[in-house]
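Reviewing the structure listed below.
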Amino acid sequence: MTQVVKNQDDRRFWYELCLEDGEPLTPSSDAWQSTIKAIREHRDGFKLHSLPEWQNAVNNAVNAGIVCDRNRYLTLLRDVSIGLAIHDLEDRCDKDEMALIHLVRILDETDQSISRLSEKIEDYYIALHPARLPDFERNIRSLVDTIARDGDHPLSHLAKSIQRLHDSRTIISKNVREHAEKILPNMSALCGPLVSARLLAKAGSRYHLAKMPAASLQVLGAGPSLFTHLTSGTNPPKHGIIYQYKGVRHAKRRFRGRVSRVLACQLVIAARIDNFRKVPDEEFIIKAGRKISMAGKEV
Amino acid sequence: MIWKDGKLLSPGKILPGDRVYHGMRIWDPAHSKVAALCHIHGEPPVTDASILYLGAASGSTVSFLSDYAEVVYAVEFSPRSVRDLIRLAYERSNIIPIFEDARYPERYLPFVEPVDILVQDIAQRDQADIAIRNLSFLKQNGHFILFLKLFSMGIEKKREELTDEVLKLIKRAGIIDINVINLDTYQSGHVALWGIRSSQKKDE
């Protein structure tokens, strides 16, 4: 009770903090950054008065000598709120997490570019050599390599670029693995760093991932078929991104639903540990791993 | 508001990339729900008003409103969009960017004065609820404009059902004289609800 009363006494209007030695502040002054900081602290501690109507506030702010009229008041408020927003932006950005999310997106985009370009090269080759059947069947990579080596080939430069893209992809994928093992240690242990990173990128942040029910995580990335299920009552999808985990992909067809359900259940627990505790929990990983491998076996 | 040859124009500063007609920016109803509202139903009294705009996004609508209004408080919670909003606020001194979640108005209560117009343009499942939470910022007899994106409220229910549900909610919150305006001509799947905050005190 006393605490509440004390808080009431401490409360101020935001503009009362913009005064230094009786002089109004401007964004160019030295004390500006510390003023913004002070306002943020007051805001986060709920130590600021809510604003009355301007007609009542006018006497207040003008009499205190902070602003001379409404126009100045609004300009000051704009400068303060820009300052607050910039600080908040910097504060709320989790650099490791953002790096991982965007690296994964770049990785997938690179993969797509590589396969699209390679396919076009293959089309070109097949169109020109329709009779050479056995050569490079189902191995576009070696076709690209051969063309890259042949300096006279009109596509050899492009083929070299594709090879370079392959190199970039290797580097990016290594980075993604390292990042994922760092910021999603438990999930990475269960379903591999790449799949965990893709789940994170789809969910948007670790916090969103931790808030998610297991059923949502299970079908994350299976949006279209989920919505056909909801609108026209087809069978629901069994798995989304987690299909890329080999335990699900290689499970027998009739067990896939069960494996992905169990995996999703364990993954959300892992996601919560990753978000809140942020350290690998060996005991949990062993237990969860056993449950997942049990799900793929006949009883 | 300024009309010329059936186009809604905006008198403010022209930035690169803006479409211009007779020396003024075109306020395109296909890109801005407020403009669509002006074209279909009528103009809200934005001239020299103070406006609280929830869900400002990158601030294209806000920039037009700020040409007419005295001040626009623009609330947005997506970091990417807030960047654009801040850049806009540097250009136009009467835009006040607020980087907060509109579900928790107590966070920006100290900075926003009572306003003449409240615009809610956040497409979320609880979009009506968000508007009602921010109702304390609206002056009595102030205008309340709620843009409903019907797809955001689930796909199981019919359009009329959803609108009625929201209507009931905001009537209970003390909004009267509500017009339901269909924006399908310019913005498919959107409905605008435009009412006035009752001056009678509601007894809870």
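Below, chains carry the letters A, B, ... as their sequence lines are ordered, and counting in each starts from 1. Reckoned from all heavy atoms, side chains included, excluding hydrogens, waters and symmetry mates.
- By the 6.0 Å contact criterion, CZ on R40(A) is enclosed, its count of non-hydrogen atoms from other residues, nucleotides or ligands being greater than 12.
- D44(A) places a side-chain heavy atom less than 4.5 Å from the side chain of R107(B).
- Contact of R92(B) with chain A is made through the backbone alone, with heavy-atom distances under 4.5 Å.
- Taking non-hydrogen atoms and a 4.5 Å limit, the residue list of residues 74-98 of chain A in contact with chain B, ordered by number, reads L74(A), L77(A), R78(A), S81(A), I82(A), L84(A), A85(A), I86(A), D88(A), L89(A), R92(A).
- Residues of residues 102-113 of chain A placed with any heavy atom under 4.5 Å of a heavy atom in chain B are absent; none qualify.
- Residue L85(B): no heavy atom, backbone or side chain, is found under 4.5 Å from chain A.
- Taking Y53(B) as the reference, nothing meets the ring-ring contact (aromatic ring centres under 6.0 Å, His included) condition, with sequence neighbours excluded.
- For Y108(B), no part lies under 4.5 angstrom from a heavy atom of chain A.
- By the 6.0 Å contact criterion, OH on Y21(B) is enclosed, its count of non-hydrogen atoms from other residues, nucleotides or ligands being greater than 12.
- Crowding of R19(B) atom CZ: a count of heavy atoms from other residues, nucleotides or ligands under 6.0 Å not exceeding 12.
- No more than 12 heavy atoms of other residues, nucleotides or ligands sit less than 6.0 Å from atom NZ of K168(B).
- Taking the ring-ring contact (aromatic ring centres under 6.0 Å, His included) definition, one finds that H41(B) meets it with W194(B), sequence neighbours left out.
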